A.B. asks: 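First the structure, which I've put down as structure tokens, then a few questions once you've had a look.
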Amino acid sequence: MLDKKNILENTDLVQKNCDNRGVKVNVGRYVELESQRRALQQEIEELSRQANLVSKSIGKTQDDAERKERKKEGRQLREQKDEKQAAMDCIAAEAGAIYRSMPNLTHPESPVGSEAHSRELRRGEHDARSLGFPVLDHVELAEQHDLIDFEGGARTAGNGFYFLKNEAVLLELALQQYALELLMGEGFVPLITPDLARGEILQGVGFIPRGPETQIYSIENSDLNLVATAEITLGGLYSGQVIDEDDLPLTLCGISHCFRTEAGAAGRTSRGLYRVHQFTKVEMFAFTRPDQSEQMHNSFCDLECRIFDGLGIPYRVIDIATGDLGGPAYRKFDLEAWMPGRGDNGEYGEVTSASNCTDYQSRRLNIRYKTKGEKGTHFVHTLNGTAVAISRAILAILENCQQADGTVVVPSVLQKWVGKEQIGGGI
RNA sequence: GGUCGGGUGGCAGAGUGGUCGAAUGCACCGGUCUUGAAAACCGGCGUACCGCAAGGUACCGGGGGUUCGAAUCCCUCCCCGACCGCCA
């Protein structure tokens, strides 16, 4: 959510920002409603004040007739207040709906426009070059080495589910260990989070838990939802809390399963592991002071680069355009890994995403920080970034590390956990 | 799943219808004392919103109700703890 004062004072800028982001919001209407609401609020407070005075005086009055008269007066004042309150609630509901639909402000350097306007910032250490032999895609490689059972997944849970098997299981665990080791070395606190969360938390983080186009699975007869990312639970972890400024920045990394309905994704490139209903992810999350968040955002992006450079996978870094940022992000960097088996001659595919959400989520989740010796509190900034989304990482590893003879070389950084140097070839 | 007990300020913990936004302790901030520190003592110290200020309004897990007035009574939901049952 945005700062209400800022909306009232910079209506045109906020409107322009919404337009740039492709979000239809009538900011002017909001401002109109909000000023009406404020006026009513003041009247209500005045009536409450008078009614409170009357109530207090009754406690001191002994005379019965006077008490009766005062009670009547008090009742009337409260009735007047209730009427105005009802009117205000109505206006507040409409204003609130507009308010909640407003996306975050945007970093001045984010490219303006639709997805196509996103800008490549740089590339990884490894070049996306031709492998020099006819490549297999990860589905073919997985089949050859008996690594993933898509049919069994479909039989058991439906299309979009799968069983990891044999070395794929080891790869999943190795990728978790690899990411965790690296992040813990950078001071991140490791967590394994719940895979379910309350609707309120999902909304606070910026997800829409129920409704026709939701990406979220929800549990019937309950307020619980399967999480789409540990960003949800890590944000929820500190909801309603006041953090000591001395503890900032606070960096966490959480492992969770991620569940996504992928409603509306039919027809998009979705063969194999690329777009699935469940996967495991190691997620970075940070709470920072406002002046620290930009640096933290860059640091998240650098860590993602280190992780994929370490795996030997080529990638490019994208500065996401305004039209593709979603609601909470102020700025977003994606890593797109080279996937040799994708499309006709290989394509880039998103493997990570790092967002600076500034105070948008912390306002909704009510996460603040306090400076020792100073009065009041401030909203923290929150950031999230993918360390490793396991399914897509496995996809990228299989396709990039395949050899002419069909074997797959295990990235050296993972070998100590996988326990072997290559998959296939009888070794 | 069952029974009982609880949810109050950063923490601990009083408060069962009216001068309660809330005792007290700890923590924290300022001061006295001290070569310095500690201790002791004195003072201050919740959050949000409105207001130049004085001040006001709201908030004692969430929502609703009773009342002139609710932290306090009633309903409901959520959460936490203990014990029992079941179980990886």
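So that the names make sense, note that chain A is the first sequence line, chain B the second, and so on, each numbered from 1. What you see is a predicted model, and the numbers here were worked out from it, not measured in a lab.
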A.B. asks: In whole Å, what separates the C1' atom of B/U16 from that of B/C86?
C.D. replies: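 It works out to 39 Å between them.
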A.B. asks: In whole Å, what separates the C1' atom of B/A53 from that of B/U76?
C.D. replies: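 Between the two C1' atoms, the distance is 44 Å.
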A.B. asks: Is the distance from OP1 or OP2 of B/U67 to the nearest side-chain N or O of A/Arg75 less than 4.0 Å?
C.D. replies: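 A/Arg75 to B/U67 OP1/OP2: no side-chain N or O under 4.0 Å.
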A.B. asks: Using a 4.0 Å heavy-atom cut-off across all strands, classify A/Lys370 as base, sugar-phosphate, or nothing.
C.D. replies: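 Sugar-phosphate contact only - A/Lys370 comes under 4.0 Å of backbone atoms but never of a base.
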A.B. asks: Below 4.0 angstrom, N of the basic side chain to O of the carboxylate: do A/Arg119 and A/Asp319 qualify?
C.D. replies: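 Salt bridge: yes.
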A.B. asks: Between B/G64 atom C1' and A/Asp89 atom CG, what is the distance in whole Å?
C.D. replies: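 Rounding to the nearest Å, CG of A/Asp89 and C1' of B/G64 are 13 Å apart.
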A.B. asks: Is it true that A/Glu69 and A/Lys72 have a side-chain N and a carboxylate O under 4.0 angstrom from each other?
C.D. replies: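 No salt bridge links A/Glu69 with A/Lys72.
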A.B. asks: Just how far, in rounded Å, is C1' of B/C49 from CD of A/Glu34?
C.D. replies: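 To the nearest whole Å, that distance equals 11 Å.
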A.B. asks: Which side-chain N or O atoms in residues 408-416 of chain A pair as donor and acceptor under 3.5 Å with protein atoms at least two apart or in another chain?
C.D. replies:
from     : atom 1 : to       : atom 2 : distance (Å)
A/Gln415 : NE2    : A/Val410 : O      : 2.9
A/Lys416 : NZ     : A/Glu181 : OE1    : 3.4
A/Lys416 : NZ     : A/Glu181 : OE2    : 3.1

A.B. asks: To the nearest Å, give me how far apart NZ (A/Lys68) and P (B/G69) are.
C.D. replies: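 It is 17 Å, rounded to the nearest whole Å.
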A.B. asks: Counting Watson-Crick and G-U wobble pairs only, both distances under 3.5 Å, name the nucleotide matched with B/C83, or none.
C.D. replies: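 With both distances under 3.5 Å, B/C83 matches B/G2.
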A.B. asks: Just the table, please: protein N/O against nucleotides 52-57 of chain B N/O, every pair under 3.5 Å.
C.D. replies:
from  : atom 1 : to      : atom 2 : distance (Å)
B/G56 : N2     : A/Glu45 : OE1    : 3.4
B/U57 : OP1    : A/Asn52 : ND2    : 3.3

A.B. asks: Show which side-chain atoms of residues 199-209 of chain A pair as donor or acceptor with protein atoms under 3.5 Å away, not counting sequence neighbours.
C.D. replies:
none

A.B. asks: Which whole number of Å gives the distance between the C1' atom of B/C26 and that of B/A39?
C.D. replies: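 The answer is 16 Å between these two C1' atoms.
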A.B. asks: Go through the structure and list residues passing salt bridge (charged side-chain N to carboxylate O under 4.0 Å, His left out) with A/Glu43, not counting sequence neighbours.
C.D. replies: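 Once residues adjacent in sequence are excluded, the partners of A/Glu43 under the salt bridge (charged side-chain N to carboxylate O under 4.0 Å, His left out) criterion are A/Lys84.
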A.B. asks: In whole Å, what separates the P atom of B/U57 from that of B/A71?
C.D. replies: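 Approximately 14 Å lies between the P atom of B/U57 and that of B/A71.
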A.B. asks: Using whole Å, report how far CZ of A/Arg368 lies from P of B/G9.
C.D. replies: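 Atom CZ in A/Arg368 sits about 13 Å away from atom P in B/G9.
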A.B. asks: Find the partner of B/A40: check Watson-Crick (N1-N3 plus N6-O4 or O6-N4) and G-U wobble (N1-O2, O6-N3) distances, both under 3.5 Å, and reply none if neither fits.
C.D. replies: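 B/U32 is the nucleotide pairing with B/A40.
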A.B. asks: Is there any salt bridge (charged side-chain N to carboxylate O under 4.0 Å, His left out) pair reaching into residues 9-20 of chain A, and which pairs are they, with sequence neighbours excluded?
C.D. replies: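 Counting only pairs at least two positions apart or across chains, no salt bridge (charged side-chain N to carboxylate O under 4.0 Å, His left out) contact touches residues 9-20 of chain A.
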A.B. asks: Give me the distance, rounded to whole Å, that separates B/G5 from B/C73 when you measure between the P atoms they each carry.
C.D. replies: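 Nearest-Å result for B/G5 against B/C73 at atom P: 14 Å.
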A.B. asks: Would you tabulate the pairs of protein nitrogen or oxygen atoms and nucleotide nitrogen or oxygen atoms of nucleotides 18-22 of chain B closer than 3.5 angstrom?
C.D. replies:
from  : atom 1 : to      : atom 2 : distance (Å)
B/G18 : O6     : A/Arg67 : NH2    : 3.2
B/G18 : N2     : A/Ser55 : O      : 2.7

A.B. asks: For A/Asp137, enumerate each residue passing the salt bridge (charged side-chain N to carboxylate O under 4.0 Å, His left out) test, keeping only those at least two apart in sequence or located in another chain.
C.D. replies: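 For A/Asp137, the residues satisfying salt bridge (charged side-chain N to carboxylate O under 4.0 Å, His left out) (neighbours in sequence not counted) are A/Arg271.
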A.B. asks: Using the ring-ring contact (aromatic ring centres under 6.0 Å, His included) criterion, which residues pair with A/Tyr30? Sequence neighbours excluded.
C.D. replies: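 Residues passing ring-ring contact (aromatic ring centres under 6.0 Å, His included) with A/Tyr30: A/Tyr99.
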A.B. asks: Between B/U67 atom P and A/Leu77 atom CG, what is the distance in whole Å?
C.D. replies: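 Going from A/Leu77 (CG) to B/U67 (P), I get 16 Å.
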A.B. asks: Parallel, tilted or perpendicular: which describes the rings of A/Tyr178 and A/Trp417, with under 30° parallel and over 60° perpendicular?
C.D. replies: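 Because their plane-to-plane angle lies in the 30° to 60° range, the rings of A/Tyr178 and A/Trp417 count as tilted.
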A.B. asks: For B/G18, give the paired nucleotide (Watson-Crick: N1-N3 plus N6-O4 or O6-N4; G-U: N1-O2 and O6-N3; both under 3.5 Å), or none.
C.D. replies: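 Partner of B/G18: B/C68.
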A.B. asks: List in chain and number order the residues that pass ring-ring contact (aromatic ring centres under 6.0 Å, His included) with A/Phe150, two or more places apart in sequence or in another chain; answer none if no residue qualifies.
C.D. replies: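 For A/Phe150 there are no ring-ring contact (aromatic ring centres under 6.0 Å, His included) partners, ignoring immediate neighbours.
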A.B. asks: Hey, is A/Lys370 close enough to A/Glu245 for a salt bridge, meaning N to O under 4.0 Å?
C.D. replies: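 No.
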A.B. asks: How far does the P atom of B/G6 sit from the matching atom of B/U72, given to the nearest Å?
C.D. replies: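 That atom pair is separated by 15 Å.
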A.B. asks: Of all residues at least two apart in sequence or in a different chain, which pass the ring-ring contact (aromatic ring centres under 6.0 Å, His included) check with A/His378?
C.D. replies: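 A/Tyr369.
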A.B. asks: Please list, chain by chain and in numerical order, all residues satisfying salt bridge (charged side-chain N to carboxylate O under 4.0 Å, His left out) with A/Arg75, sequence neighbours excluded.
C.D. replies: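 Scan of A/Arg75 (salt bridge (charged side-chain N to carboxylate O under 4.0 Å, His left out), adjacent residues dropped) gives none.
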A.B. asks: What integer distance in Å separates A/Asp246:CG from B/C29:P?
C.D. replies: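 Distance check: A/Asp246 CG to B/C29 P gives 10 Å.
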A.B. asks: Let me know the distance between CG of A/Asp82 and C1' of B/G65, rounded to the nearest Å.
C.D. replies: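 Rounded to whole Å, this separation is 12 Å.
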A.B. asks: Rounded to the nearest angstrom, tell me the gap between atom CE in A/Met1 and atom P in B/A48.
C.D. replies: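 Taking atom P of B/A48 as the reference, CE of A/Met1 is at 15 Å.
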A.B. asks: Mind running a 4.0 Å heavy-atom check of residues 90-99 of chain A against RNA chain B and sending the residues that fall below it, in number order?
C.D. replies: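 Here the set is empty: none.
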A.B. asks: Could you give the distance separating B/A58 and B/G43 at their P atoms, to the nearest angstrom?
C.D. replies: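 About 31 Å, rounded to a whole number of Å.
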A.B. asks: What does B/C59 pair with, Watson-Crick or G-U, if both distances are under 3.5 Å?
C.D. replies: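 B/G46 is the nucleotide pairing with B/C59.
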A.B. asks: Using the P atom as the point on both nucleotides, what is the distance between B/A70 and B/G65, in whole Å?
C.D. replies: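 So the two P atoms sit 12 Å from each other.
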A.B. asks: Can you tell me which nucleotide in B/C68, B/U47, B/C79 comes closest to the side chain of A/Arg78?
C.D. replies: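 The nucleotide sitting nearest to the side chain is B/C68.
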A.B. asks: Hey, which sits more toward the 5' end of RNA chain B by its nearest nucleotide, A/Gly74 or A/Thr377?
C.D. replies: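 On the 5' side of the pair lies A/Thr377.
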